[in-house]
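Working notes, structure below.
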Amino acid sequence: MFMFLQMEGKTGPTRRPMRVLVTGGSGLVGKAIEFVVREEKYESKGETWIFLSSKDADLTNAVETREIFKKHQPTHVIHLAAMVGGLFMHLRKNLDFWRKNLAINDNVLQTAHESDVVKVVSCLSTCIFPDVTPYPIDETMIHNGPPHDSNSGYAYAKRMVDVHNRACFQQHGRRYTAVIPTNIFGPYDNFNIEDAHVLPALIHKTYKAKRDGTSLEVWGSGKGLRQFIFSVDLARLIIWVLREYDEIEPIILSVGEEDEMTIKDVVDEIVKAFNFTGPVNYDTNKSDGQLKKTASNAKLRSYLPNFTFTPFHTAVKETCDWFAANYDTARK
Ligand code: NAP
Ligand code: GDP
């Protein structure tokens, strides 16, 4: 692993200690990266890791973005900050998702270039792929057709990160890239029932149904298909991308196609984790969103054939236990 960055300056090669700025460092993925950085003791090996929240700088604001980069002088950036939410939040706030994410991404990527950051790893999502597409989806298909209507604002804003990275390589030779995770979950997620993604929303709903002796209300038919990645697994993979992956083209970070499951499978796993015995209702008047977005992890496997993902049931149990233990302070 490298702690120093070899630089070709005007005065010959120089060495700069590695300083990693993590935007969105207070969120689900940011907290998981912080956990791995501590566990692996990267800072005792000479690296500096800085985890930002929106309180440190509003990255929709170009001046605040420049100031925070000037303050921390990063050599590397993991760019996670975004307006993030589940299907039902996208249906209500499509325009906000487009404008905020477009502004954040342009500010971060341009400021990184102006600050001579050597590598940026940004975070896209498998929901940005075309709605009508052959399966499995792979990294070459991002721009092949319109995304699903439900989250088009977010999807187009994220697609523009790929456009930006390619142009920034073409014009400035910058090796900025992006990862494409599937649905993520874990401790420190947003568990707000109206706004959250499916897994944290259902964890919160099941917790309350058990506590209050009520039924569990699942939105939609439960037939939608999704691939889920545990935030700590994703964190390890993003750090690997930062250190080792040298392509501009994004890389899908996902469990295999064989691990795709229905929303009903997810409900069953959460019900089991909480030992919930009350009734479970499916509200078919609510949207199912995109039926599926099956992604291939063949490219990831070509680099890391032996990476082991945490078993789904273990990760769900850990997340349910974390939520129950941190109910008072969890984002909800
Ligand atoms: P999250 O838990 O909602 O965290 C979002 C982070 O972004 C927080 O640290 C938040 O800061 C920060 N942020 C939001 N608006 C900001 C602003 N205007 N200025 C500065 N910081 C701002 O999100 P996440 O689930 O960790 O997502 C991380 C990345 O993964 C995002 O790029 C997301 O699009 C992508 N992704 C997520 C999923 C998923 O299932 N969650 C799936 C695929 C891709 P505060 O804590 O201060 O609000
Ligand atoms: P997506 O994967 O980007 O579509 O977003 P979500 O993580 O929000 O997952 C949406 C899928 O979960 C849809 O098929 C919904 O019908 C289903 N779902 C079931 N119950 C819930 C819930 O309580 N909240 C959310 N967000 N989705 C739910």
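Every heavy atom of this structure was used, including side-chain atoms; hydrogens, water molecules and symmetry mates were not. Both counts, for ligands and for their atoms, begin at 1 and track the order of listing. The model shown is predicted, which means the values in this text are computed figures rather than measured ones.
Between L59 and ligand 1, at least one pair of N/O atoms sits closer than 3.5 Å. Below 3.5 Å of separation, one finds an N or O of G27 facing an N or O of ligand 1. By the 3.5 Å distance cut-off applied to N or O atoms, L80 is counted among the residues near ligand 1. Of the polar atoms of N183, none of the N or O atoms is found under 3.5 Å from an N or O of ligand 1, judged by distance alone. At least one N or O atom of L28, backbone or side chain, sits closer than 3.5 Å to an N or O atom of ligand 1.
Scanning the protein heavy atoms around atom 26 (O) of ligand 1, the nearest turns out to be V29 N, 2.9 Å. Taking atom 24 (N) of ligand 2 as the reference point, the nearest protein heavy-atom neighbour is A201 CB, 3.6 Å. Ranking the protein heavy atoms by distance from atom 30 (O) of ligand 1 puts C123 SG, 3.2 Å first. The protein heavy atom nearest to atom 7 (O) of ligand 2 is V198 N, 2.9 Å. Scanning all protein heavy atoms for the shortest distance to atom 4 (O) of ligand 2 gives R226 NH2, 2.9 Å. Among protein heavy atoms, atom 38 (C) of ligand 1 sits closest to I184 CD1, 3.2 Å. Scanning the protein heavy atoms around atom 48 (O) of ligand 1, the nearest turns out to be S54 OG, 3.6 Å. Ranking the protein heavy atoms by distance from atom 41 (N) of ligand 1 puts H197 CE1, 3.4 Å first. Closest to atom 8 (O) of ligand 2, if we only count protein heavy atoms, is L87 N, 2.8 Å. Of the protein's non-hydrogen atoms, G24 CA, 3.9 Å is the one closest to atom 12 (C) of ligand 1. Scanning all protein heavy atoms for the shortest distance to atom 26 (N) of ligand 2 gives A196 O, 3.0 Å. In terms of protein heavy-atom proximity, atom 23 (O) of ligand 2 is closest to K205 NZ, 2.7 Å. At the shortest separation from atom 18 (N) of ligand 1 among protein heavy atoms lies D58 OD1, 3.0 Å. The protein non-hydrogen atom at the shortest distance from atom 3 (O) of ligand 2 is K293 NZ, 3.1 Å. Of all protein heavy atoms, the one lying nearest to atom 8 (C) of ligand 1 is S26 OG, 3.6 Å.
A donor-acceptor contact closer than 3.5 angstrom links the side chains of S152 and N94. A donor-acceptor contact under 3.5 angstrom links the side chains of D233 and T310, judged on distance only. Side-chain N/O atoms of N192 and H204 include no donor and acceptor closer than 3.5 Å.
Under the 4.5 Å side-chain heavy-atom criterion for Ile, Leu, Val, Met, Phe, Trp and Tyr, M89 and I104 are members of distinct hydrophobic clusters.
In K286, neither the side chain nor the backbone holds a heavy atom less than 4.0 Å from any atom of ligand 2. Within the 4.0 Å heavy-atom criterion, neither part of E217 lies near ligand 2. Residue contacts with ligand 1, taken as heavy atom pairs separated by less than 4.0 Å, do not involve M83 at all. Proximity of A57 to ligand 1, defined as any heavy-atom pair under 4.0 Å, is confined to the backbone N, CA, C and O atoms.
For ligand 2 and N183, the ligand atoms under 4.0 Å from any heavy atom of the residue are 2 (O), 7 (O). Distances below 4.0 Å separate heavy atoms of G86 from the following atoms of ligand 2: 8 (O). Each of the following atoms of ligand 2 lies closer than 4.0 Å to a heavy atom of S287: 15 (C), 16 (O). Short contacts between ligand 1 and P181, defined as distances under 4.0 Å to a heavy atom of the residue, involve ligand atoms 43 (C).
Counting non-hydrogen atoms of neighbouring residues, nucleotides and ligands closer than 6.0 angstrom, the CD atom of E258 exceeds 12 such neighbours.
Although no hydrogens or angles enter the test, the distance criterion places a donor-acceptor pair under 3.5 Å between the side chain of T23 and the main chain of L80. For the pair E139 (side chain) and E249 (backbone), a donor-acceptor distance under 3.5 Å is absent. Between the side chain of R174 and the backbone N or O of H113 there is at least one donor-acceptor pair closer than 3.5 Å. Looking at K158, its side chain does come within 3.5 Å of a backbone N or O of C123 through a donor-acceptor pair. At distances below 3.5 Å, not a single donor-acceptor pair connects side-chain atoms of D96 with backbone N or O atoms of K93. Put simply, the side chain of K205 gets close to the backbone of E217: a donor and an acceptor are under 3.5 Å apart. Under a 3.5 Å cut-off, the side chain of S53 and the backbone N or O of K55 do form a donor-acceptor pair.
Ligand 2 is never approached by G224 to a heavy-atom distance shorter than 4.0 Å. Ligand 1 lies less than 4.0 angstrom from a heavy atom belonging to K158. Under a 4.0 Å heavy-atom criterion, M89 is not in contact with ligand 2. In this structure, L124 counts as a contact residue of ligand 1, since one of its heavy atoms falls inside 4.0 Å of the ligand. Residue contacts with ligand 1: I104 is included, with a non-hydrogen atom under 4.0 Å away. Residue contact annotation: K100 has no non-hydrogen atom under 4.0 Å from ligand 1. For Y154, the closest heavy-atom approach to ligand 1 falls below 4.0 Å. Ligand 1 lies less than 4.0 angstrom from a heavy atom belonging to T182.
Of the candidates F185, W219, F228, W219 brings a heavy atom nearest to atom 17 (C) of ligand 2. For atom 15 (N) of ligand 1, the nearest non-hydrogen atom from the set G86, A81, S122, A82 comes from A82. Taking all heavy atoms of D288, L91, T182 into account, the minimum distance to atom 13 (C) of ligand 2 is reached by D288.
For the pair K293 and Y135, the NZ or CZ position fails the cation-pi test of under 6.0 Å to the six-membered ring centre and within 45 degrees of the ring normal.
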